[in-house]
Protein chains: 2
Amino acid sequence: MRTPVPRAGLSRAAVVAAGAELADEVGFADLTMGLLAARVGVKTPSLYKHVVSLDALRRGIGIQAKQELGNVLARAAVGRSGADAVRAIADAHRSWALEHPGRYAATVRAPAADDEEDRRAGDEALQVFFDVLAGFGLRDARAVDAARTLRSALHGFVSLEGAGGFGLPRDVTGSYRFLVDSLVAGLQAERPAPESRSR
Amino acid sequence: MRTPVPRAGLSRAAVVAAGAELADEVGFADLTMGLLAARVGVKTPSLYKHVVSLDALRRGIGIQAKQELGNVLARAAVGRSGADAVRAIADAHRSWALEHPGRYAATVRAPAADDEEDRRAGDEALQVFFDVLAGFGLRDARAVDAARTLRSALHGFVSLEGAGGFGLPRDVTGSYRFLVDSLVAGLQAERPAPESRSR
DNA sequence: AGCTAAAAGCTAATGGCGATAGCTTCACCT
DNA sequence: AGGTGAAGCTATCGCCATTAGCTTTTAGCT
């Protein structure tokens with residue numbers, strides 16, 4: 001078997017990485033093969049030697065972005081627990097999403113039903129939510145509910161903020177703090193058991 | 001000044017309404033002038049007699065959808081208050097979003113900076129959130145925070161659910177109930193002064 | 001009833017984008 | 001020195017948004 005690596009410069013990983021950067025600048029939805037080709041110094045059709053389609057490029061960016069976000073969240077939670085950890089990953093989540101709008105949009109892309117690699121990237125990022133919520137004493141179905149709740153709230157906020165969905169007045173960071181505090185208080189509150197079985 | 005209304009059938013409103021229906025079927029992002037033209041029984045260029053561009057069509061669908069959603073939420077809250085009202089609009093919000101995915105995506109579109117009509121449609125829908133939260137004794141900036149919090153959480157959940165962002169197991173309706181209950185508990189909880197410091 | 005202005009529709013055409021086919025060039029290995 | 005295969009390029013196709021310019025229809029006036 002040969003190991004031919006003709007020309008220099010490009011590779012699938014390099015194209016995807018450049019695509020992620022470009023998506024942050026022009027928006028994930030407005031990313032085009034032509035724009036990316038110009039960025040990496042090639043003509044449009046040449047990109048197809050590295051990625052099979054625009055959709056495959058988006059998938060690659062999505063997987064990379066899910067991994068990056070997962071790492072960022074994990075780092076933020078190191079050495080913290082309980083409400084403190086929730087606040088830490090909430091802040092990290094919002095900062096990263098605002099700094100990397102294109103990548104963030106890519107993380108929301110749902111994997112195809114049979115796409116193991118993509119699914120795993122998302123699951124690993126999600127695991128951080130579970131780990132952080134472990135300190136709240138939630139089990140089984142409740143833990144799933146809480147992880148979905150936390151993720152939904154954080155995602156909804158930064159998604160609306162990123163889309164310019166909030167009217168001007170009242171500082172947005174203050175509202176975000178309110179959201180996180182409300183959630184923490186809500187998760188800590190006693191509540192009737194809907195349908196758990198353990199205990 | 002004459003008032004000529006030649007031909008029959010189409011009008012700006014009819015085109016926008018048909019566009020909203022079609023968006024629910026094919027997705028807001030995948031709505032094309034060609035698809036809509038076929039749906040209303042004309043050739044593509046003829047649509048431009050009624051809407052100035054695809055973007056203008058999207059804007060029109062967005063405004064219509066914001067009004068519809070606002071009405072749906074207001075109806076759901078009639079005769080209810082406090083936690084009961086929050087649960088009612090939360091359920092109505094999710095149901096409507098899942099039944100009308102294209103329209104729902106359109107409601108998230110941020111208005112252009114100088115677009116009064118679009119901004120007003122969004123504000124009127126948002127007003128329902130404020131009204132419902134009035135029962136929680138939140139004032140001024142806190143009321144803004146709470147409205148953003150509630151909207152973010154509801155939007156985040158249905159947005160992720162609609163995108164297929166939740167893994168299969170554990171019933172999604174149960175998780176939604178958990179989210180709403182957590183939020184209600186969090187909003188009712190006592191909490192420290194607004195301007196704390198963290199990060 | 002007939003005339004007319006303008007809206008509403010159509011065909012043709014342009015430019016951008018994703019994608020494919022097929023040719024050329026270059027790096028590496030023997 | 002030559003052969004191989006990846007990487008790049010040009011040419012081309014089809015789809016979509018949009019515009020130009022012609023034709024058809026109809027409201028409203030006389």
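This one's a predicted model, so the numbers in the text were calculated from it and none came from an experiment. Every chain is numbered from 1 and lettered A, B, ... according to where its sequence line falls, protein lines coming before strand lines.
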Nearest to the [X] side chain among [options], which nucleotide is it?
X: A/P45; options: C/dG9, C/dG18, C/dA21; result: C/dA21
X: A/L54; options: C/dG18, C/dG9, D/dC16; result: C/dG18
X: A/T32; options: C/dC17, C/dT11, C/dA19; result: C/dC17

Which whole-number value in Å describes the distance from [X] [atom1] to [N] [atom2]?
X: A/M33; N: D/dG8; atom1: CE; atom2: C1'; result: 14 Å
X: A/L10; N: D/dG8; atom1: CG; atom2: C1'; result: 10 Å
X: A/L47; N: C/dT20; atom1: CG; atom2: P; result: 13 Å
X: A/L57; N: C/dG18; atom1: CG; atom2: P; result: 10 Å
X: A/Y48; N: D/dT10; atom1: OH; atom2: C1'; result: 15 Å
X: B/L36; N: D/dT18; atom1: CG; atom2: P; result: 13 Å
X: A/K43; N: C/dC23; atom1: NZ; atom2: C1'; result: 17 Å
X: A/R12; N: D/dA7; atom1: CZ; atom2: C1'; result: 17 Å

Self-check item: N or O in side chain of A/H50 less than 4.0 angstrom from D/dG8 OP1/OP2
Solution: yes
Exercise. Could you check whether A/T44 gets within reach of a base, just the sugar-phosphate, or nothing at all, counting any heavy atom under 4.0 Å?
Key: nothing
Quiz item: For A/S46, which contact category applies under a 4.0 Å heavy-atom criterion: base, sugar-phosphate, or nothing?
Solution: base
Practice problem: Could you tell me which residues satisfy salt bridge (charged side-chain N to carboxylate O under 4.0 Å, His left out) with B/D84, sequence neighbours excluded, listed by chain and number? | Solution: B/R80
Quiz item: Roughly how far, to the nearest 0.5 Å, is the OG1 atom of A/T44 from the CG atom of A/L36?
Solution: 9.0 Å
Quiz item: Taking NZ, NE, NH1 and NH2 as the nitrogens, is one of them in B/K66 or B/D123 under 4.0 Å from a carboxylate oxygen of the other?
Solution: no
Exercise. For A/L35 and for A/K49, find the nucleotide of DNA chain C with the closest heavy atom, then tell me which residue's nucleotide is more 5'.
Key: A/L35
Self-check item: Near-ring test A/H93/A/Y104, centroid separation under 6.0 angstrom
Solution: yes
Quiz prompt | Side-chain donor-acceptor contact under 3.5 Å, A/H155 with B/S159 | solution = yes
